Amino acid sequence: MKHFLSSLGKKLFGGINLTWPKLIIAAIAAGAFTALMANIPALKYTSFHAIVVTFEMWILFGIIIIMNSRSNLDSAFKCFVFFLISQPLVYLLQVPFSWQGWALFGYYRTWFIWTLLCFPMGFIGYFMKKGKWWGYLILLPMILLTADSYSLYFSDFLFYAPKYILIWLFCGCVIIFYPVLIFENKRIKLAGAIIGIGIVAVLTVLGLLNPPIYSTTLIVGGGENGFNENSRVYLADERYGTAEMRYEAGIEDYLIHCDFKRAGKTVLTIEAPDGRRTDYEITIERDTYEMKKVGE
């Protein structure tokens, strides 16, 4: 295992002959792959969609470019050009398939700012190749950005399990192993790994102590929908969360509120005092749901 990690680190972070043609081809491939992930609806709530919305994979690409560059300026220009090609391409390839059309490029503004920042980040990042202890301080902001993704995707994993397991594990592994693979100094390797393990452990505990909950109102208007204070409401499978009836003083009527704990399909039942039941099939996602009355 130790030999494998050493070989992987030397090859990935310094053993690639990163010519300009290779960089441009890689930028086009990264942009095209990301656009493909964005355009496949079935991948929206999976690890494969992460590259569309968060930084962790792009941070990996950036580090690979930095560690395989020949100088500070070479690193700065290559990082800048890679993102200058790949990011607009992501949006360009989505335009024909998006209801927003060319308006989709409005989201590129943020990525363009990050692209401009890639020049100084690439220049400074090259100093990691010096192998000094302060090289880890240069790497640390990239680790913390990845840690933010780890927190997000661990929460999503808890809600969608087993979905998101790949991106969650990827983030956790690179937080720990970036310093091990990048640096030659054993003390930096050890200290970096220990810090990484600490970050992952803390975020994991926080995630377990604060499990994801999607709170939403499903039905408003008890009088219109046949329920009142004497009705009973519940989910068929309590693993998906809880349902309760609430009185809303603002509208002077009852509503049904749910706290969903995981994604999937279940049935919401409204049981009237006389025993009559109305069932709704609910498909739950992280931040949305679909509900259909059974029998309609």
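Just so you know, these numbers come straight off a predicted model, no measurement behind them.
- Side-chain contact between L145 and P141 is absent, with no heavy-atom pair separated by less than 4.5 Å.
- Counting only heavy atoms from C-beta outward, the side chains of L144 and I199 approach each other to under 4.5 Å.
- Ring-plane geometry between F154 and Y150 is classed as parallel, the angle between the planes falling under 30 degrees on a 0 to 90 degree scale with a further cut at 60.
- Taking the six-membered ring for Trp and thresholds of 30 and 60 degrees, F119 and F77 have ring planes more than 60 degrees apart, a perpendicular arrangement.
- Ring orientation note: the planes of F127 and F123 are nearly perpendicular, at an angle over 60° on the 30°/60° scale.
- Residue pairs meeting the side chain to side chain donor-acceptor pair (under 3.5 Å) criterion with at least one member in residues 22-34, sequence neighbours excluded, do not occur.
- Relative ring orientation between F157 and W168 is described as parallel, the plane-to-plane angle staying below 30° on a 0-90° scale split at 30° and 60°.
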Give the intermediate values and the outcome of ring-ring contact (aromatic ring centres under 6.0 Å, His included) for residues W114 and F55.
CA-CA 10 Å; W114 278 104; F55 288 134; 4.8 Å; yes

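- Between T146 and Y178, the side chains place no donor N or O within less than 3.5 Å of an acceptor N or O (distance only, hydrogens not considered).
- Under 4.0 Å is where a charged nitrogen must lie from a carboxylate oxygen, and between K292 and E290 no such pair does.
- Taking the six-membered ring for Trp, W58 and F61 have ring centres closer than 6.0 Å.
- The side chain to side chain donor-acceptor pair (under 3.5 Å) contacts involving residues 119-144 comprise nothing, where partners must be two or more places apart or lie in separate chains.
- Checked against Y153 for a ring-ring contact (aromatic ring centres under 6.0 Å, His included), the options Y160, F159, Y164 give a single hit: Y164.
- Taking the ring centre of Y240 as origin, the terminal cationic atom of R262 falls inside the region bounded by 6.0 Å and 45° from the ring axis.
- Residues E271 and T269 bring no donor and acceptor atom of their side chains to less than 3.5 Å of each other.
- Checked options L116, I85, L117; the residue passing with F80 is L116 (criterion: side chain to side chain contact (heavy atoms under 4.5 Å, CB included)).
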